[in-house]
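Written out below as structure tokens is the structure these notes cover.
Here is the naming used below: chain letters follow the sequence lines, and residue numbers restart at 1 for every chain.
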Number of protein chains: 2
Amino acid sequence: MTSKSDLPQGTLDLLIMKIVALGPVHGYAIAQRLQQVSREVVQVPQGSLYPALHRLENRGLLAADWKETDTGREAKFYRLTRRGRAQLEAETASWARLTEAIGVILNLREAK
Amino acid sequence: MTSKSDLPQGTLDLLIMKIVALGPVHGYAIAQRLQQVSREVVQVPQGSLYPALHRLENRGLLAADWKETDTGREAKFYRLTRRGRAQLEAETASWARLTEAIGVILNLREAK
DNA sequence: TGTGATATGTAGGAGAACGAGGCATTCCTA
DNA sequence: TAGGAATGCCTCGTTCTCCTACATATCACA
């Protein structure tokens, strides 16, 4: 079971920012955490992950430094910039508003 | 306020199917209902609406007949096909699973 | 007459997601 | 010691969706 459902467009950036907000992580670990925390519901292919990270970095929402991982490899650790933090807050609120609205619609009964 | 937030990819089709499931409606009315019911949160531009309707029709999820509206105009009334109804159910469940997973992630506290 | 609401549609472009590929290192095991 | 799996980074090309802008037509009303 637990079919991998594709993420709606735009959602990936939000999730990435959220994970990064919890503390500096490198790309590979971001994908792993999203998968674990969501119990396999959210799965991020690398062909989506890295372009998204670069996108966020170009927009000035993330910044990165090369550091050594626990396993002794070099990896690019991302952190949220100030703008990124503001963006995360805004998008989280927006997401809540939207999903609530959609939830209402999906629960409509024919009783017009 | 009530900023118009863009819909995540794929969500539009889901919402359209849901509205159509409540009873036959024409395109223009679908957009209006979505806007009203969501208190302006969901707004569907015509350039998104009609392509989406054609898309759903081509996929065999919607079917349409020309009828007269309350206002005396000819309009294309859409209804769900059997496949459309199954698709709506599946996508609704998928949406619930996904938003729940995302909700969990967005509520994470740094306590790893 | 002209403006706003109703009603349908297309064209063009931007942007996101993803599959498929490539590359390098480390660790485990047969 | 050879091979594969896991870790870690990346890009290219395709596909799909969405949206701005535009085009069309009817009707009500001022």
Worksheet entry | Distance in angstrom units between A:Trp66 CH2 and D:dT7 P, rounded | 17 Å
Worksheet item: With a 4.0 Å cut-off on heavy atoms, is A:Glu68 in touch with a base, just the backbone sugar-phosphate, or nothing at all?
Response: nothing
Discussion item. Measuring from the side chain of B:Pro45 (C-beta onward, heavy atoms only), which nucleotide among D:dT20, C:dA17, D:dC18 has the closest atom?
Written reply: D:dT20
Fill in: Side chain proximity check, A:Val42 to A:Gln35, heavy atoms < 4.5 angstrom
no
Practice prompt. Could you tell me which residues satisfy side-chain contact (heavy atoms from CB on, under 4.5 Å) with B:Ala52, sequence neighbours excluded, listed by chain and number?
Written response: B:Leu12, B:Asp13, B:Ile16, B:Arg55
Worksheet item: To the nearest Å, how far apart are B:Glu74 CD and C:dG9 P?
Response: 13 Å
Fill in: Between P of C:dG15 and CG of A:Asn58, the distance in whole Å
12 Å
Worksheet item: Regarding A:Gln87 and A:Glu91, is there a side-chain donor-to-acceptor distance under 3.5 Å anywhere?
Response: yes
Worksheet item: Within the pair B:Thr69 and C:dA7, is there a side-chain N or O less than 4.0 Å away from OP1 or OP2?
Response: yes
Worksheet entry | Spacing of A:Tyr78 atom OH relative to D:dC10 atom C1', expressed in whole Å | 10 Å
Worksheet item: Please give, in whole Å, the distance from D:dC18 C1' to B:Gln43 CD?
Response: 15 Å
Item to complete: Quickly work out the B:Asp70 CG to D:dC27 C1' distance and round it to whole Å.
Response: 15 Å
Practice prompt. Between C:dA16, D:dC9, D:dT17, spot the one nearest the side chain of B:Gln9, thanks.
Written response: D:dT17
Which atom pairs link the protein and nucleotides 25-28 of chain C when you take only N or O atoms and keep those under 3.5 Å?
from, atom 1, to, atom 2, distance (Å)
C:dT25, O2, A:Arg73, NH2, 3.3
C:dT26, O4', A:Arg73, NH2, 3.1

Fill in: Separation of atom CD in B:Glu57 from atom P in C:dT10, rounded to whole Å
11 Å
Worksheet item: Hey, does B:Gly47 reach any base, or is it just sugar-phosphate, or nothing, if we go heavy atoms under 4.0 Å?
Response: base
Item to complete: Answer with yes or no whether the hydrophobic clustering places A:Leu106 together with B:Leu22; edges join I, L, V, M, F, W, Y residues whose side-chain heavy atoms lie under 4.5 Å apart.
Response: yes
Discussion item. Whether A:Tyr50 contacts D:dC10 is assessed here as follows: a side-chain N or O lying under 4.0 Å from the phosphate OP1 or OP2. Is that the case?
Written reply: no
Worksheet item: Looking only at side-chain N and O atoms, does B:His54 come under 4.0 Å of OP1 or OP2 in C:dT10?
Response: yes
Worksheet, complete the sentence: Terminal axes of the helix from C:dT1-D:dA30 to C:dA30-D:dT1 (5 end pairs apiece), angle rounded to 10 degrees, sit apart by 10°
Worksheet item: Quick one: which of D:dC18, C:dT10, D:dC9 gets closest to the side chain of B:Pro51?
Response: C:dT10
Worksheet item: Is the base of D:dC10 touched by the side chain of A:Gln46 through a donor-acceptor pair closer than 3.5 angstrom?
Response: yes
Practice prompt. Would you mind reading off the distance between B:Leu7 atom CG and C:dG15 atom P, rounded to a whole angstrom?
Written response: 19 Å
